[in-house]
Protein chains: 2
Amino acid sequence: MAITIKDIAKKAQVSRTTVSRVLNDSGYVKEETRKKVMDVIKELNYTPSAIARSLSTSKTNTIGIIVPEINNPFFGEIIKGISQIADENNLNIILCNTDDKRDKELKALKLLKEQRIEGIIITPTYAEDHFSSEYLNTLEHIGIPIILLDGYVKYSEFSGIFIDHIKGAYDATRALINAGHKKIAIINGKQNYTITKDRFKGYVKALNENNIIIEDKYVFYGDFDYESSYEITKKILSMEDRPSAIFVTSNMMILGTIKALYEQNINIPKDMAIIGFDKLDLVNILGMNISSVNGPTIEMGKAGMKMLIDKLNNVSQNDEIKRRIIVPELVLKGSEKFIP
Amino acid sequence: MAITIKDIAKKAQVSRTTVSRVLNDSGYVKEETRKKVMDVIKELNYTPSAIARSLSTSKTNTIGIIVPEINNPFFGEIIKGISQIADENNLNIILCNTDDKRDKELKALKLLKEQRIEGIIITPTYAEDHFSSEYLNTLEHIGIPIILLDGYVKYSEFSGIFIDHIKGAYDATRALINAGHKKIAIINGKQNYTITKDRFKGYVKALNENNIIIEDKYVFYGDFDYESSYEITKKILSMEDRPSAIFVTSNMMILGTIKALYEQNINIPKDMAIIGFDKLDLVNILGMNISSVNGPTIEMGKAGMKMLIDKLNNVSQNDEIKRRIIVPELVLKGSEKFIP
DNA sequence: CTGAAAGCGCTAACAC
DNA sequence: GTGTTAGCGCTTTCAG
């Protein structure tokens, strides 16, 4: 790593400025000189230091991504979308994984600020629980453009791409109603999460509009993981007055539901109709044909990155808040049918 | 971003050196002075520049990760493992996604070198096809510690964590033989890939050891994707002298096989036994109980990161090549049984 | 315990 | 077309 622009300059018998010029294609350099410099660069296997350049230009060409669970395909796809657009714009990515913990989010935010990155795309953890004042303070005074992806941060206003969970849940529930169902259960996520509340609102709205009474006994809360909905589904199956359909609000949870149904030889949708939330690629690859409302993932990443780039290019009205709300797409595959 | 160590120094009426000292807990600072400096830092909401620090110390505390497909859960888990250990050691991560393309790998390598990162963990694309001389040249002369994860790079020798694909395939095949199968088909990946060849070797070895003749008609090549094995499986099912078991060598491909089997109401394992390669979490969540040999993912990431850290700490014998080979774990769930 | 000064590798006016 | 010079923001001897 010892070799610098100085070494190149000396060996090529020019000034550092000239080397810099050929490196950046800026200003005028005689073709002959350029060639000489290039040769030395090749010969010495020189790679310029982005660090030094960043310090000098105050530009890092780097953005930060903060996600709760890098191993969840949902976020994997988001990152893929982001990285595609970042690539096209020659932006590097610093990745921070938070294990769904608010304090690690805070740490990541600080780290990214130290790195003097140009902007941040964050998919915050959904937990609505714990906003320390330090967290909010950091977020608000960070002085770096931030784009929220499918997030919700209390007390604060940020630009971002949001999913309309209410509408998604509404569409899913209505699909079941339209198919003829009247007894519709919901297996929702953790009760104190915003997305959980939003999805419940959509469910309620659809039922209300169709004059179906919301029965408490049909409302269940899991923890987003499949075991919880596996147990809940078994419980549902053993109910006296059991529903004819279940709306399961997360991609992991619907797996548990399917498992419980298969185990007891319950035919989908004949004996029990179901509809899910979020993409179920793997399940459908297996040929199961489960209906769902799908939040776009790769597209969300792309849209977020584009919004960030826009922000970076319009430093003037930097403080304007932009929000784009994406309504999940309803994809019907037959699992929602009512077959009396 | 205007505010620097100088501003802090001025306002706190000390020298930059002193500010630096309290920032880094280095050297002696009178408690009183420290407090004064800290207060100003808080007041001005100052965050030191990692860029400037890096330039000054020649340390970036950053490593690079290069993966072919960030949206594939396999790599998501690897990254999770890496990021866990990186976190514990206060190392940042720059992420590069290559879309399984060798030229993007090259680009990523150069970029990371410019960023003066401390080390690189790379999971190269498996394609054995195209190694430009520039690629190999860059790789060999990059002057940064590199750890290979489950990779194979022709002509070159690197430290890394490797999966014993031969042994894995051997174990899988033998599990079928031990269960009583004699007619065993294999649905393998792309024919020119190293992992494909290795897995075939393991298959052959197990059959040979048990005096079972390798029948060409039972050997199939897909493209790692599920459609290919879906079609191949349908073909297998329609064979005159059809096998009683199939070894499917990738996590995506076995989904296609399962789909074909389900569609035709072929009971697993009664009418057709199967065994896969790589984890099948989602499938097993559904309660399908498919046997497989599992390459560890999170563990691989962790092991790779630890190996890299070791390397960084022993700059002296930096050139020593370390290889750790992990044998995939055989997990039997019943889908391999022979039920005549 | 604290400060002055040099330097990390590069860019960007400004001269020539 | 090319070189000189002064930083970018921080750390680090070396003095005191």
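Proteins get letters first, then strands, A, B, ... in listed order; numbering begins at 1 in each.
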Response to the item:
Applying side chain to side chain contact (heavy atoms under 4.5 Å, CB included) to A:Lys35 and not counting sequence neighbours gives A:Asp39
Discussion item. How many whole angstroms separate atom NZ of B:Lys59 from atom C1' of D:dT12?
Written reply: 16 Å
Discussion item. Tell me whether the count of non-hydrogen atoms from other residues, nucleotides or ligands lying under 6.0 Å of NZ in A:Lys10 goes above 12.
Written reply: no
Between side-chain atoms of residues 104-111 of chain B and protein atoms elsewhere (two or more places apart, or another chain), which donor-acceptor pairs fall under 3.5 Å?
residue: B:Lys104; atom: NZ; partner: A:Asp87; partner atom: OD2; Å: 3.0
residue: B:Lys104; atom: NZ; partner: B:Asp99; partner atom: OD2; Å: 3.2
residue: B:Glu105; atom: OE1; partner: B:Arg102; partner atom: NH1; Å: 3.3
residue: B:Glu105; atom: OE1; partner: B:Tyr135; partner atom: OH; Å: 2.5
residue: B:Glu105; atom: OE2; partner: B:Thr125; partner atom: N; Å: 2.8
residue: B:Lys110; atom: NZ; partner: B:Glu134; partner atom: OE2; Å: 2.6

Fill in: Nucleotide C:dC8, atom P - distance to CZ of B:Arg116 in whole Å
14 Å
Result block: side-chain N/O donor-acceptor pairs under 3.5 angstrom for residues 46-54 of chain B, not counting sequence neighbours:
residue: B:Thr47; atom: OG1; partner: A:Lys113; partner atom: NZ; Å: 3.4
residue: B:Ser49; atom: OG; partner: B:Ile51; partner atom: N; Å: 3.3
residue: B:Ser49; atom: OG; partner: B:Ala52; partner atom: N; Å: 3.0
residue: B:Ser54; atom: OG; partner: B:Ala50; partner atom: O; Å: 2.9
residue: B:Ser54; atom: OG; partner: B:Lys59; partner atom: O; Å: 3.1

Discussion item. Could you work out, with side chain to side chain contact (heavy atoms under 4.5 Å, CB included) as the rule, every residue matching B:Ser15, not counting sequence neighbours?
Written reply: B:Thr17, B:Thr18
Fill in: Atom pair distance, as rounded to whole Å: NZ in A:Lys10 and P in C:dG9
13 Å
Side chains of residues 19-26 of chain B: which donor-acceptor pairs under 3.5 Å do they make with residues two or more places apart or in other chains?
residue: B:Ser20; atom: OG; partner: B:Asn24; partner atom: ND2; Å: 3.4
residue: B:Asn24; atom: ND2; partner: B:Ser20; partner atom: O; Å: 2.8
residue: B:Asp25; atom: OD1; partner: B:Arg34; partner atom: NH2; Å: 2.8

Worksheet item: Is the shortest heavy-atom distance from the side chain of B:Asn92 to the side chain of B:Ile117 under 4.5 Å?
Response: no
Item to complete: For A:Ile8 and C:dT11, give me the distance from atom CD1 to atom P, rounded to whole Å.
Response: 12 Å
Fill in: Base-contact (B) and sugar-phosphate-only (S) positions in nucleotides 1-8 of chain D, heavy-atom cut-off under 4.0 Å, - elsewhere
SBBBB-BB
Response to the item:
Whole-Å distance, B:Lys35 NZ to C:dT2 C1', equals 20 Å
Discussion item. How many whole angstroms separate atom CG of A:Asn61 from atom P of C:dC10?
Written reply: 16 Å
Discussion item. At 10 degrees resolution, what angle do the end axes of the helix from C:dC1-D:dG16 to C:dC16-D:dG1 form when each is taken over five base pairs?
Written reply: 40°
Item to complete: Measure the distance from CD on B:Glu114 to P on C:dG9 and round it to the nearest whole Å.
Response: 15 Å
Worksheet item: Over how many whole Å does the gap from A:Ile51 atom CD1 to D:dT11 atom P extend?
Response: 14 Å
Discussion item. List the residues meeting side chain to side chain donor-acceptor pair (under 3.5 Å) with B:Glu43, not counting sequence neighbours, and say none if there are none.
Written reply: B:Lys11
Worksheet item: With B:Gln84, which residues qualify under side chain to side chain contact (heavy atoms under 4.5 Å, CB included), at least two apart?
Response: B:Lys80, B:Lys302
